[in-house]
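First up is the structure itself, then whatever we jot down about it.
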Amino acid sequence: MRSSISNSDRPVLTAAQSWAIVRPFLVWLVVLSLGLVILAEVAFRLAGVDYPTLGQADMDRGWAGRPEAHGIIRDENKAGVEISINSDGLRDVEHSLDKPAGTFRVAVLGNSYTEAFPVPLEQAYWNVTGKNLGNCLPAGKEKVEMINFGVGGYGTAQELITLRTQVWKYKPDMVLLGFLTSHDVWYNHRPLSQQALAPYFVLKNGKLELDDSFKSNIKSQKVKGIQLAVQDRLRALGAVTHARGDVKQWIFTTMQELKASKDSGEKVSLLPTDFVYVEPKDEKWVEGWKVTEALLKQMHDEVKAAGVPFVVATLSNAIQVHPDAQARQAFMQQLGVQTLFYPDERVSAMGAKEGFPVVQIAQQLAERATRENVHWHGFPGAMGKGHWNESGNRAAGEAIAAGVCQALKP
C-alpha cells in the first residue's frame, strides 16, 4: 500500500541540521585517527624503529642520495647501520673540491654494492681497497682518498651520467667502476628492467643516444620535498611508506619468477637476471649486452680523454661465490651452463680489446669461500643471499686492491 504522504510533504533537513548530525561522528573519527597515529608514533620511537628517507628524485639520473640525510638502516643487517649522506648527496664523508697535495684521489662508481648500506662506511669494499693501495701509488702521491659515488639501483647508464655531472669537479686521479654482473646489463636496457624512473641509452646507427623520457614520471620536486619533510618527522608515515615499498618489491619479484617459469616452460626459482650467466640468444639480452659494452667503451673514452686511468672491477654475485660447490653446480645445471663466470670473462675480454684493465674477483672469492667455508654475502637469518657482509667487503676490497696495483704499474 502506498504512503499517503508525498515526497513533497516529507520534512527536509537544512544544511545546518545535516552538519549538526554528522559533525560529532567526524570529530570522533578525527580524534580516533589522531590518537592511533600518536600511539603508533610513540610505539615506533620507544622501539627505536625508523625508516629514514635517504634518497630523492634527480632530473639527470632519476634518483640520487639526499644531501644531509641521516638514519639507521636494518633491511639486511638487522643489527642496524647508521647511514649519513654528505652535503653533495654521497654516502661518504665530506670531501673538498680542492684536492690536498700529495693525494691520489679515486672516484668510485657503482650501485648498491658500492653504496654499501648493509655495513658501516669504513667497512665498504672501496674503503678497504683504498687502505691497501699505499704501496703502489704513483710517484709524488703519499696517501689515498676514495670518493664514493655509488647509488643503489644504478646501471652503467646512470653511472656514466654521474661521471659527467658529479665526478669531474673533484679532479680524480683514477676512476674505478664497480660492475655488478648480475644486474648491470639488465639495468641498462629498458625492455629488460623497465624502470619508469631511470634514464636509458639506446644504440642508433652504432651510437649511443640518451632516452630521458623518465623525466615526465618524476613528481614535482616541491611536493616531494614537503612529503619527505613530513616523513622525516613522522616515523609512522615512514613505516607505511616502507611497507608499501616492500609490497611493491614482493609483487615485482613474484611476477619476475612467474615470467621466468613461463619462459623456461617449467616451474623454476630463477629470476630474469640469472640469465646473465648464459650466452645471450634472446633479442633483449643481445641488445642489453651491446648497449652495456657501448656504455663501458664510452666511459673509458671519456676518462681516457681526461688523462686518468679507468679500471673496472667485476664484483661477485651470491651464487658465484657460494661456499657449497654442489649448490653452485645445481644452479649451473638448472641454467644449462658450464660456468658462472661468463659475464666476468666477457667484460674482461671487452676491456682487453678497448685498452682498460678489468679486475675479476668472483672466481678467487669462490675458491676461498669453499676452502674457508665462509659466506661473503648475506647476514644472520639470510646467509648466502643479497649484498656483501663485512667479510665479503673486506675480501673483495683486498682482491680489488691487488688488481688495481697491477693496473697502476708503469
Side-chain angles (χ1 to χ4, degrees), residues 76 111-113 118 125 178-187 192-193 253-282 284-286 288-289 292 312-352 358-400 402-403:
E76 286 184 85
N111 58 18
S112 56
Y113 276 65
Y125 80 86
F179 186 92
L180 186 65
T181 58
S182 66
H183 280 75
D184 278 22
V185 179
W186 192 70
Y187 280 150
L192 288 173
S193 59
T253 302
T254 302
M255 294 303 293
Q256 294 299 317
E257 289 175 346
L258 290 173
K259 183 179 183 301
S261 298
K262 181 180 178 181
D263 291 344
S264 65
E266 59 182 88
K267 187 176 181 180
V268 297
S269 58
L270 296 172
L271 292 173
T273 50
D274 292 332
F275 290 95
V276 75
Y277 305 110
V278 181
E279 186 170 357
K281 296 181 177 62
D282 177 83
K284 294 177 183 178
W285 277 101
V286 170
W289 268 108
T292 297
V312 175
T314 54
L315 313 182
S316 74
N317 309 313
I319 189 59
Q320 285 181 310
V321 297
H322 197 288
D324 186 351
Q326 292 183 346
R328 301 199 299 265
Q329 187 63 37
F331 183 76
M332 286 190 287
Q333 289 177 350
Q334 200 173 15
L335 277 173
V337 298
Q338 300 299 314
T339 178
L340 293 179
F341 305 112
Y342 168 79
D344 307 76
E345 295 292 345
R346 180 160 178 167
V347 173
S348 184
M350 193 254 176
V358 177
V359 180
Q360 296 184 63
I361 65 170
Q363 193 158 0
Q364 59 179 296
L365 290 187
E367 294 169 356
R368 184 177 167 186
T370 301
R371 186 171 63 250
E372 300 178 13
N373 190 29
V374 60
H375 281 289
W376 305 126
H377 294 251
F379 296 83
M383 297 302 292
K385 299 178 180 179
H387 294 87
W388 285 326
N389 50 39
E390 177 186 350
S391 298
N393 273 276
R394 182 170 60 251
E398 291 169 352
I400 292 172

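Quick caveat, the model's predicted, so the values are computed rather than measured. Start at 1 with the first residue, then count along the sequence.
The two atoms that bring Trp186 and Pro272 nearest to each other are NE1-CB, 4.0 Å, heavy atoms only. Summarising the geometry of Ala369 relative to Pro323, their closest heavy-atom pair is O-CB, 3.5 Å, with the distance given to 0.1 Å. Nearest heavy-atom pair, Ile319 versus Leu340, reported as atom, atom and distance to 0.1 Å: O-CD1, 3.8 Å. Smallest separation of non-hydrogen atoms from Ile361 and Ala399: CG2-CB, 3.7 Å. A pairwise comparison of heavy atoms in Arg328 and Ala366 identifies NH1-O, 4.0 Å as the closest pair. The two residues Leu315 and Asp344 have their closest heavy-atom pair at O-OD2, 3.9 Å.
Remark: Gln338 CD to Gln329 CD distance equals 7.5 Å, nearest 0.5 Å. Rounded to the nearest 0.5 Å, atoms CD (Glu345) and OG1 (Thr339) are 7.0 Å apart. The CG atom of Asn373 sits 8.5 Å away from atom CG of Asp324, with the distance rounded to the nearest 0.5 Å.
A donor-acceptor distance shorter than 3.5 angstrom exists from the side chain of Asp274 to the backbone of Leu271, with no hydrogens or angles considered. Formation of a donor-acceptor pair under 3.5 Å by the Trp376 side chain with backbone atoms of Leu365 is found in this model. Here the side chain of Glu76 pairs a donor or acceptor atom with the backbone of His387 at under 3.5 angstrom. Asn389 contributes a side-chain N or O that, together with a main-chain N or O of His375, makes up a donor-acceptor pair within less than 3.5 Å.
With contacts defined as side-chain heavy-atom distances shorter than 4.5 Å, the pair Asp184/Asn111 qualifies. The closest side-chain heavy-atom distance from Leu192 to Thr273 is not below 4.5 Å. Side-chain contact between Val337 and Tyr342: absent, with no pair of heavy atoms (C-beta onward) separated by less than 4.5 Å. Using a 4.5 Å cut-off on side-chain heavy atoms (C-beta onward), Tyr113 and His377 make contact. Side chains of Arg346 and Pro280 form a contact here, defined as non-hydrogen atoms less than 4.5 Å apart. Using a 4.5 Å heavy-atom cutoff, the side chains of Phe179 and Val185 are in contact.
At most 12 non-hydrogen atoms from other residues, nucleotides or ligands lie less than 6.0 angstrom from CD of Glu279.
Under the 3.5 Å distance criterion, with hydrogens and angles disregarded, a donor-acceptor pair is assigned to the side chains of Tyr277 and Asn317.
Ring geometry for Tyr187 versus His183: interplanar angle of 30 to 60°, hence tilted.
Annotation: Trp388 is in aromatic contact with Tyr125 [ring centroid separation under 6.0 Å].
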- Check the pair Val312, Met350 against side-chain contact (heavy atoms from CB on, under 4.5 Å), reporting the backbone distance first and the verdict last. CA-CA 11 Å; Val312 175; Met350 193 254 176; over 6 Å; no
